[in-house]
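Here is how names work: the chains are called A, B, and so on, in the same order as the sequence lines, proteins then strands, and each is numbered from 1.
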Amino acid sequence: MKLAIINGSPRYKNSNSTLLMDQFLKGFSSKSEIAQSYLVGTENKKKALADFVESDTVLIIFPLYTDCKPGIVKEFFESLLGVENSVQKRVGFIVQSGFPESIHSEALERYLQKLTKRLGHIYLGTVIKGGVEGIKIMPPGMTKKLFGQFEKLGSYFAEFQNFDPKIMKQLRTPYKLSASRIFFFNLISKTGLTNFYWDMNLKKNNAFEQRFDKPFSV
Amino acid sequence: MKKITILNGDIHPEKKIFSEYIHQVEEKLMSEKLEVHVFNINSMNLFYCKGCWSCWWKTPGKCDIQDDGSQIFQSVINSDFIIFASPLIAGFTSSALKKITDRFVCLLHPYIQIKNGENHHQKRYEKYPDFGLILEQEADTDEEDIEIVKNIYGRLSLNFHNNMRFCHFTESNKPEEIAHEISHY
Ligand SMILES: Cc1cc2nc3c(=O)[nH]c(=O)nc-3n(C[C@H](O)[C@H](O)[C@H](O)COP(=O)(O)O)c2cc1C
């Protein structure tokens with residue numbers, strides 16, 4: 001297997017996509033060649049396209065942006081239309097998002113499947129994982145399970161050249177919020193705990209008092 | 001209905017056909033006595049979102065990138081209706097259009113609410129204009145592609161607390177029909 005991993009985060013290397021991919025690669029630990037590339041910057045885009053062309057298996061990981069792929073990822077997909085299809089490739093996707101429910105990524109998943117077919121390649125599926133924003137600042141205890149799952153995803157991929165269906169299923173739960181989770185949300189929303197992450201960062205930047213600003217109102 | 005913003009995501013304006021169609025929509029809307037603002041995204045100075053969250057926790061509501069973005073945000077949030085216009089490329093609207101759509105996040109508030117049993121971000125502004133899609137098909141566009149595009153823009157409307165009012169195609173609708181429809185909302 002000649003594997004290319006394309007990281008489509010607009011945050012480049014300093015991203016949640018990178019953190020998750022590192023775990024995947026830890027599990028992968030195979031001697032086969034891996035080409036890694038990014039989509040931020042002209043030279044990186046060129047390398048990503050070249051890596052795509054030269055590999056037989058491609059994984060594309062990126063964050064969900066407005067329940068869709070980010071602009072730079074769409075630009076990359078457009079560039080694939082101009083590629084001469086000499087070999088049929090095996091292409092898989094990993095989409096990770098801020099909100100925990102996989103329903104936000106479901107429409108995009110349909111798109112990715114259709115795109116792969118349109119390009120004439122073999123679709124390996126889309127790993128969907130929500131609740132990823134903030135993992136960089138979480139204590140190890142909180143990310144242990146997630147990182148372990150991505151490590152397993154990597155070791156399975158090295159062995160079977162495919163995504164582990166069991167892990168995929170675990171990662172995409174919950175599909176929607178359960179009734180008890182909604183109840184809990186409503187209960188604690190009064191305490192401000194649901195917005196803890198945003199408030200913490202607003203305060204750190206001395207912007208808390210301006211948080212309701214409407215700069216584009218006329 | 002008074003003010004309309006058209007976001008033209010054509011990335012091959014030299015081919016003329018699509019952008020000329022959009023220009024006709026603009027003229028027909030004006031002849032319906034509407035104020036129309038057209039942004040040809042591809043010819044503007046616009047950068048991709050960097051995912052920095054400045055717009056949510058450093059300068060609330062304002063994007064950190066110094067380019068033509070502000071003109072568009074200002075127009076969009078103060079319009080009564082938005083048109084997302086683009087030829088389909090690789091089964092979806094253009095990367096140019098998605099480039100500016102990503103950055104609409106600055107128009108939302110980071111705080112979370114539950115809507116339809118899902119997490120969503122709260123409004124920053126009182127009202128978010130409804131929108132319509134004007135698309136041009138590719139040689140291989142099929143029913144499934146159209147369903148997927150509608151599905152994804154339906155998700156966008158959930159995120160932005162507005163409604164998708166139509167999905168029209170340059171192949172099957174006349175510019176005056178679209179303008180007429182919008183003027184009657
Ligand atoms: C412009 C923008 C739009 C986003 N849209 C969504 C969204 O619609 N749904 C969601 O769950 N998360 C959304 N997110 C959150 C990202 O998907 C999440 O933070 C992800 O972990 C970022 O990954 P990265 O660090 O690899 O870029 C958005 C983030 C940004 C910056």
Requested in this report: Please determine, by modelled atom types, if B:Asn159 and B:His120 share a side-chain donor-acceptor pair under 3.5 angstrom.
Outcome: yes
Query raised in the report: What part of B:Gln71 is in contact with chain A, defined as an atom under 4.5 angstrom from a non-hydrogen atom: side chain, backbone, both or neither?
Result: neither
Requested in this report: Using a heavy-atom cutoff of under 4.5 Å, enumerate the residues of residues 76-105 of chain B that contact chain A, numbered in order, or state 'none'.
Outcome: B:Ile77, B:Asn78, B:Ile89, B:Ala90, B:Gly91, B:Phe92, B:Thr93, B:Ser94, B:Ser95, B:Lys98, B:Lys99, B:Thr101, B:Asp102, B:Val105
Query - Greatest number of heavy atom pairs closer than 4.5 Å to chain B - which of A:Asn201, A:Thr66, A:Leu177 - result: A:Asn201
Requested in this report: Apply side-chain contact (heavy atoms from CB on, under 4.5 Å) to B:His121 and B:Ile112, showing your working.
Outcome: CA-CA 4 Å; B:His121 290 288; B:Ile112 293 162; 4.1 Å; yes
Requested in this report: Consider only side-chain N and O atoms of B:Asn8 and B:Asn40, and report whether a donor and an acceptor are under 3.5 Å apart.
Outcome: yes
Query - Top of B:Ile114, B:Leu158, B:Val149 for chain A proximity - count of heavy-atom pairs under 4.5 angstrom - result: B:Ile114
Report task. Identify the residues of residues 163-175 of chain B whose heavy atoms come closer than 4.5 Å to a heavy atom of chain A, ordered by number, or report 'none'. Result -> none
Report summary line: Cut-off 4.5 Å, heavy atoms of chain B, and the answer for A:Thr194 is backbone
Query - A:Tyr197-B:Trp56 aromatic ring centre distance below 6.0 Å - result: no
Query raised in the report: Under a 4.5 Å heavy-atom cutoff, which of A:Asn186, A:Ile182, A:Asn206 has the most pairs with chain B?
Result: A:Ile182
Query - Over 12 non-hydrogen atoms of neighbours within 6.0 angstrom of NZ in B:Lys16 - result: no
Report task. Please look at A:Phe212 and chain B and tell me whether the side chain, the backbone, both or neither of the residue comes under 4.5 angstrom of a heavy atom of that chain. Result -> both
Query raised in the report: How far apart are the closest heavy atoms of A:Gly92 and A:Phe163, and which atoms are they?
Result: CA-CE1, 3.9 Å
**Report entry** Residue pair A:Leu80 / A:Leu49, side-chain heavy-atom distance below 4.5 Å
**Finding:** yes
Query - Nearest-0.5 Å distance, CH2 of residue B:Trp53 to CG of residue A:Leu202 - result: 12.0 Å
Query raised in the report: Are A:Arg211 and A:Phe208 in a cation-pi contact, defined as NZ or CZ under 6.0 Å from the six-membered ring centre and within 45° of the axis?
Result: yes
Query raised in the report: For chain A, which of B:Glu126, B:Arg124, B:Lys62, B:Glu147 has the most heavy-atom pairs under 4.5 Å?
Result: B:Arg124
Report summary line: Closest non-hydrogen atoms of A:Ile128 and A:Ser102, given as atom of the first, atom of the second and distance, are CG2-CB, 3.7 Å
Report task. Could you tell me which portion of A:Lys214 (side chain, backbone, both or neither) has an atom closer than 4.5 angstrom to a non-hydrogen atom of chain B? Result -> both
Query raised in the report: Can you tell me if NZ on A:Lys13 sees more than 12 non-hydrogen neighbours from other groups inside 6.0 Å?
Result: no
Requested in this report: Considering only heavy atoms, give the residues of residues 18-30 of chain B separated from chain A by less than 4.5 Å, sorted numerically, with 'none' for an empty result.
Outcome: none
Report task. Before accepting this row, confirm whether a basic side-chain N of the pair A:Asp22/A:Lys26 lies closer than 4.0 Å to the acidic partner's carboxylate O. Result -> no
**Report entry** Part of A:Leu81 lying under 4.5 Å from any heavy atom of chain B
**Finding:** side chain
Report summary line: Counting heavy-atom pairs under 4.5 angstrom with chain B, the leader among A:Leu119, A:Asn14, A:Asn205 is A:Asn205
Requested in this report: Against chain A, label B:Asn119 side chain, backbone, both or neither, depending on which of its atoms sit under 4.5 Å from a heavy atom there.
Outcome: both
Report task. Drop me the distance from A:Leu39's CG to A:Asn44's CG, to the nearest 0.5 angstrom. Result -> 8.0 Å
Report summary line: Looking only at A:Phe185, A:Phe99, A:Phe76, A:Phe77, the option with the highest number of non-hydrogen pairs under 4.5 Å against chain B is A:Phe99
Query raised in the report: Checking A:Leu115 against chain B: side chain, backbone, both or neither under 4.5 Å from a heavy atom?
Result: side chain
Query raised in the report: Run the side chain to side chain donor-acceptor pair (under 3.5 Å) check on A:Asn16 and A:Ser9 step by step: do they pass?
Result: CA-CA 8 Å; A:Asn16 297 331; A:Ser9 170; over 6 Å; no
Report summary line: Cut-off 4.5 Å, heavy atoms of chain A, and the answer for B:Leu107 is side chain
Report task. Grab the two heavy atoms, one from A:Leu171 and one from A:Leu153, that are nearest each other, plus how far apart they are. Result -> CD1-CD2, 4.3 Å
Report summary line: Per-residue tally against chain A (heavy atom, under 4.5 Å) across B:Tyr153, B:Phe73, B:Trp57 peaks at B:Trp57
Report summary line: When every non-hydrogen atom of A:Ser17 is compared with those of A:Asn7, the smallest separation belongs to CB-OD1, 3.5 Å
Report task. Could you tell me whether A:Met138 atom CE has more than 12 heavy atoms of other residues or ligands within 6.0 Å of it? Result -> yes
Report task. Would you confirm whether A:His121, through its side chain, and A:Lys89, through its main-chain N or O, come within 3.5 Å as a donor-acceptor pair? Result -> yes
Query - Part of A:Glu101 within contact of chain B (heavy atom distance under 4.5 Å) - result: side chain
**Report entry** Segment of A:Lys69 engaging chain B (4.5 angstrom heavy-atom cut-off)
**Finding:** both
**Report entry** Part of A:Glu133 within contact of chain B (heavy atom distance under 4.5 Å)
**Finding:** side chain
Query raised in the report: Take atom NZ in B:Lys15; do more than 12 heavy atoms of anything else shown fall under 6.0 Å from it?
Result: no
Query - Between A:Lys204, A:Lys176, A:Glu75, A:Gln210, the one whose heavy-atom pairs under 4.5 Å with chain B are most numerous - result: A:Glu75
Report task. Identify whether the distance between the nearest side-chain nitrogen and carboxylate oxygen of A:Lys114 and B:Asp142 falls below 4.0 Å. Result -> yes
Report task. Classify the ring geometry between B:Phe39 and B:His37 as parallel (under 30°), tilted (30 to 60°) or perpendicular (over 60°). Result -> parallel
Requested in this report: Locate the shortest heavy-atom distance separating B:Cys55 from B:Cys106; write the atom from each residue and the value.
Outcome: CB-CB, 3.5 Å
Query raised in the report: Closest approach of A:Ser97 and A:Gly130, non-hydrogen atoms and distance?
Result: OG-CA, 3.4 Å
Query raised in the report: Which answer fits B:Leu108, side chain, backbone, both or neither, if we ask what part of it has an atom under 4.5 Å from a heavy atom of chain A?
Result: neither
Requested in this report: Without swapping roles, check the side chain of A:Ser15 against the backbone of A:Tyr12 for a donor-acceptor pair under 3.5 Å.
Outcome: yes
Query raised in the report: For chain B, which of A:Val73, A:Asp213, A:Asn195 has the most heavy-atom pairs under 4.5 Å?
Result: A:Asn195
Query raised in the report: Among residues 103-113 of chain A, which residues come closer than 4.5 Å to chain B, judged by heavy atom distances?
Result: A:Ile103, A:His104, A:Ala107, A:Leu108, A:Arg110, A:Tyr111
**Report entry** Pairing of B:Lys58 and B:Asp64 as salt bridge, 4.0 angstrom limit
**Finding:** no
Query raised in the report: Would you find more than 12 non-hydrogen atoms of other residues, nucleotides or ligands less than 6.0 Å from A:Lys136 atom NZ?
Result: yes
Query raised in the report: Relative to the ring of A:Phe93, is the ring of A:Phe62 parallel (under 30°), tilted (30 to 60°) or perpendicular (over 60°)?
Result: perpendicular
